[in-house]
Structures are given as C-alpha cells and as structure tokens.
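Everything on this sheet refers to the single structure shown next.
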Amino acid sequence: MKKALLVISFGTSYHETCSKNIVACEEQLGRTFADRDRFRAFTSGMIIRKLKKRDNLEIDSPAQALKRLAELGYQDIAVQSLHVINGDEYEKIAREVQAYSHLFQRVALGTALLSDFNDYELLLDALQSQMPKLAADERVVFMGHGASHHAFSAYACLDHLMAARQIPARVGAVESYPEIDLIVRGLQQEKVRKVHLMPLMLVAGDHAINDMASDEEDSWKTQLQEAGIEAQAWLQGLGENPQIRAMFVNHLQRALEKSLVEVAA
C-alpha cells in the first residue's frame, strides 16, 4: 500500500523563514516517518496566491493535496498540522480530512501544538530553552497570533502557567486576549527595564516582522519603548526549536497508533 505524509501549515511567503521553520518541521517528520512519501499544503489561500503570482510556485490547499494523493494511488495517509492552537485553521483541516477520508483505506490526523495539558508543559520547557539569559529586571514577551475562535484562550492559559511557574515571561496575542496594553501595564508594575520579544508562531513572518519587531508606531517594540521599556526583537519561529518539532512528531505518532487501534477494532 502506498503511504503518504502530508504536512499542513498556514504557510508563509518569506522563503528564509519557510526554510528555517516549515521545511525544518517537514524534514524532521519525514525522517521519522521515512516509509512515507512527503507532501505539503498551506491553509492560507492568500499566501498560496501570492507565491503563485510572485514566484510561479504552486502550493496545494489541504483539499487539493488530498485529492492529488488519491489520484496518485496513495491509500495510507498521515496528516500533521503545524498550527499552534485548535482554532479555525485546524478545524478546517479536520473537516477536509474527514470529507476526503472515503478515498483512502487509512487516514490519521495529528493534533495542533497545544491540544492537551501535557502539551502546555512541554511547550513551556521548549520556550524556556530558547530564552536568553535574563537579568532580574528583564522579561521575555511571546507574541501569539490570537483568534476569534474560542481556542484563543490557549494564549491566556499559557501566560497564566508562566506566572504560576515563575517563568520570567509573558504571552500576548496580536488579534485577541491577552492584548499588548495589558502586558505593558503588568511589566510597568513589575518595574521591568528590558523586554526580549519572541514570536509564539510557527514562522517569523509578517506579524513578527511588522507587528512585533518594526519601528512602526503601533508595533509591540515601539509601544514598549514608548512605555519606557527597552525592547529587543528576536525573529525566530517556533519551527526552529527542536523540542517543538519533536512535539509535532509525537502528535502524529499518537494519531497513527490510534488509527491502528481503530482499524483493528
């Protein structure tokens, strides 16, 4: 039976961060599941269209990739999402995998990065491993994407766990709670002198470059500086962290083990 590995991310139009993060995750998954042929899909139609227009580069959507795999004769499909939370983008993947599952003998879908409490513990360890050495009056602030989906609460949960474990870091979100204003007020109350900004996103793309690290008046870096806090930005996506790549591998391993049990039953 022909076996395929389909790795699905939101995508990015920045080639360097794609290589450091998306490709790094794809290659680690490919090495672990070496008996499978590897394929890629992006969930962002905007990025797919931009890459086609700018670079003449064809990237499948999840639905296109699944149809392509069926046409190529693959019958055992392992799908891994590189999304951080179980939000709209992940649910879209799950719906499309379900919609096309009848075309295959076996399909397994690995969960997003933060899917159970153990994931939070593992992510805290992974994030601490990439934090610089901090003085007593320094903190790291991680920028998450945020979401209108109820899964946005994952960011607040992670922020709460950091405080509970006395990790010198905060988590905010661009498009939902916790907002940067709240983070800044908390840092001022703690009399923090300097903040290291890091993306809590798979890639260091538009949000990290513009909303986090730029000198634009509404960027997080600028807002911190205007509040009297020195800010240094680090453009490192989560995919560069080997512990986080290992989490995605583990999620797919569990999904495959579960699907074997279901087939046996």
Criterion side-chain contact (heavy atoms from CB on, under 4.5 Å) on V7 and C25, from CA distance to verdict: CA-CA 9 Å; V7 185; C25 290; 5.5 Å; no
Expected output: side-chain T17 to main-chain Y14 donor-acceptor under 3.5 Å: no
Non-hydrogen atoms of L252 and A108 that approach each other most closely: CD1-O, 4.4 Å
Heavy-atom side-chain proximity of Y90 to L113 below 4.5 angstrom: no
Flag, side chain of S19 to backbone of E16, donor-acceptor distance under 3.5 Å: no
K52, R49, R40 screened by salt bridge (Lys or Arg N to Asp or Glu O under 4.0 Å) with E58, the one that passes: K52
Criterion salt bridge (Lys or Arg N to Asp or Glu O under 4.0 Å) on D76 and R36, from CA distance to verdict: CA-CA 9 Å; D76 186 333; R36 297 175 178 272; 2.9 Å; yes
Flag, side chain of R106 to backbone of L256, donor-acceptor distance under 3.5 Å: yes
Close side-chain approach of K50 to D55, heavy-atom, < 4.5 Å: no
Test log, rule side-chain contact (heavy atoms from CB on, under 4.5 Å), inputs E230 and R193: CA-CA 6 Å; E230 183 183 348; R193 173 184 59 85; 3.7 Å; yes
Q232 and K194: side chain donor to acceptor below 3.5 Å: yes
Under 3.5 Å: donor-acceptor pair, side chain of S219, backbone of S214: yes
Separation between CD1 of I180 and CG of D218, rounded to the nearest 0.5 Å: 11.5 Å
Flag for E91-H149: side-chain donor and acceptor within less than 3.5 Å: yes
R68 atom CZ: more than 12 heavy-atom contacts under 6.0 Å: no
Between S148 and E175, a side-chain donor and acceptor under 3.5 Å: no
Under 3.5 Å: donor-acceptor pair, side chain of Q243, backbone of L127: no
D116 and R254 ion-paired at < 4.0 Å: yes
Salt bridge (Lys or Arg N to Asp or Glu O under 4.0 Å) between E121 and R165, worked out: CA-CA 10 Å; E121 300 277 14; R165 284 157 176 69; 2.7 Å; yes
N/O donor-acceptor pair under 3.5 Å between R54 side chain and S13 backbone: yes
D60 CG to I48 CD1 distance, which is reported to the nearest 0.5 Å: 7.5 Å
Within 6.0 Å of CD in Q98, more than 12 heavy atoms from elsewhere: no
Parallel, tilted or perpendicular, as decided by the 30° and 60° cut-offs, for the rings of H145 and F10: tilted
Sidechain-backbone polar pair: N241 side chain, L238 backbone, donor-acceptor under 3.5 Å: no
Euclidean distance, L66 CG relative to E96 CD, rounded to 0.5 Å: 7.5 Å
Parallel, tilted or perpendicular, as decided by the 30° and 60° cut-offs, for the rings of H102 and Y100: parallel
Qualifying residue for side chain to side chain contact (heavy atoms under 4.5 Å, CB included) with Q80, from I93, L6, L29: L29
Crowding at CD, Q225 (>12 non-hydrogen neighbours, <6.0 Å): yes
Hydrophobic cluster identity match, W220 and V140, side-chain contacts under 4.5 Å: no
Minimum side-chain heavy-atom gap F42-S61 below 4.5 Å: no
Same cluster (ILVMFWY, side-chain, under 4.5 Å), F142 and Y177: no
Check: T222/D215 side-chain N/O donor and acceptor closer than 3.5 Å: no
Side chain to side chain, F33 and Q253, heavy atoms closer than 4.5 Å: yes
Candidates L158, V192, D159 - the one meeting side chain to side chain contact (heavy atoms under 4.5 Å, CB included) with R170: D159
Student check: side-chain heavy atoms of E217 and Q223 closer than 4.5 Å: no
Nearest heavy-atom neighbours spanning T43 and P62: CG2-CG, 3.9 Å
Spatial distance of atom OH (Y155) from atom OG (S176) [nearest 0.5 Å]: 6.5 Å
Electrostatic pair E26:R245 at N-O distance under 4.0 angstrom: no
Closest contact, heavy atoms only, V84 versus M201: CG2-CA, 4.5 Å
Close side-chain approach of V203 and C18, heavy atoms under 4.5 Å: no
Rounded distance [0.5 Å steps], CE in M143 versus CG in L197: 7.5 Å
Shared hydrophobic cluster for L109 and I8 (ILVMFWY, side-chain gaps under 4.5 Å): yes
Path from W234 to V195 over hydrophobic side-chain contacts below 4.5 Å: no
Close side-chain approach of I229 and R139, heavy atoms under 4.5 Å: no
Inter-residue atom distance Q130.CD - D125.CG, 0.5 Å rounding: 12.0 Å
Sub-4.5 Å side-chain heavy-atom contact between K3 and D37: no
H251/D119 under side-chain contact (heavy atoms from CB on, under 4.5 Å): CA gap, chis, key distance, verdict: CA-CA 10 Å; H251 284 202; D119 289 336; 2.9 Å; yes
Closest non-hydrogen atom pair, G11 against I47: O-CD1, 3.2 Å
M198 with I209, same ILVMFWY side-chain cluster at under 4.5 Å: no
Test side chain to side chain donor-acceptor pair (under 3.5 Å) applied to E138 and H196, step by step: CA-CA 8 Å; E138 290 182 295; H196 298 264; 3.2 Å; yes
N21 side chain to G239 backbone, donor-acceptor under 3.5 Å: yes
Non-hydrogen atoms of F152 and I85 that approach each other most closely: N-CD1, 4.4 Å
Parallel, tilted or perpendicular: ring planes of F39 versus Y74, cut at 30 and 60 degrees: perpendicular
H83 vs L202, side-chain contact (heavy atoms from CB on, under 4.5 Å): CA-CA, chis, key distance, verdict: CA-CA 7 Å; H83 292 79; L202 182 73; over 6 Å; no
Closest approach of S115 to N86 (non-hydrogen atoms, all atoms of both residues): OG-ND2, 3.0 Å
Check: Q75 side chain, Q105 main-chain N or O, donor-acceptor pair, under 3.5 Å: yes
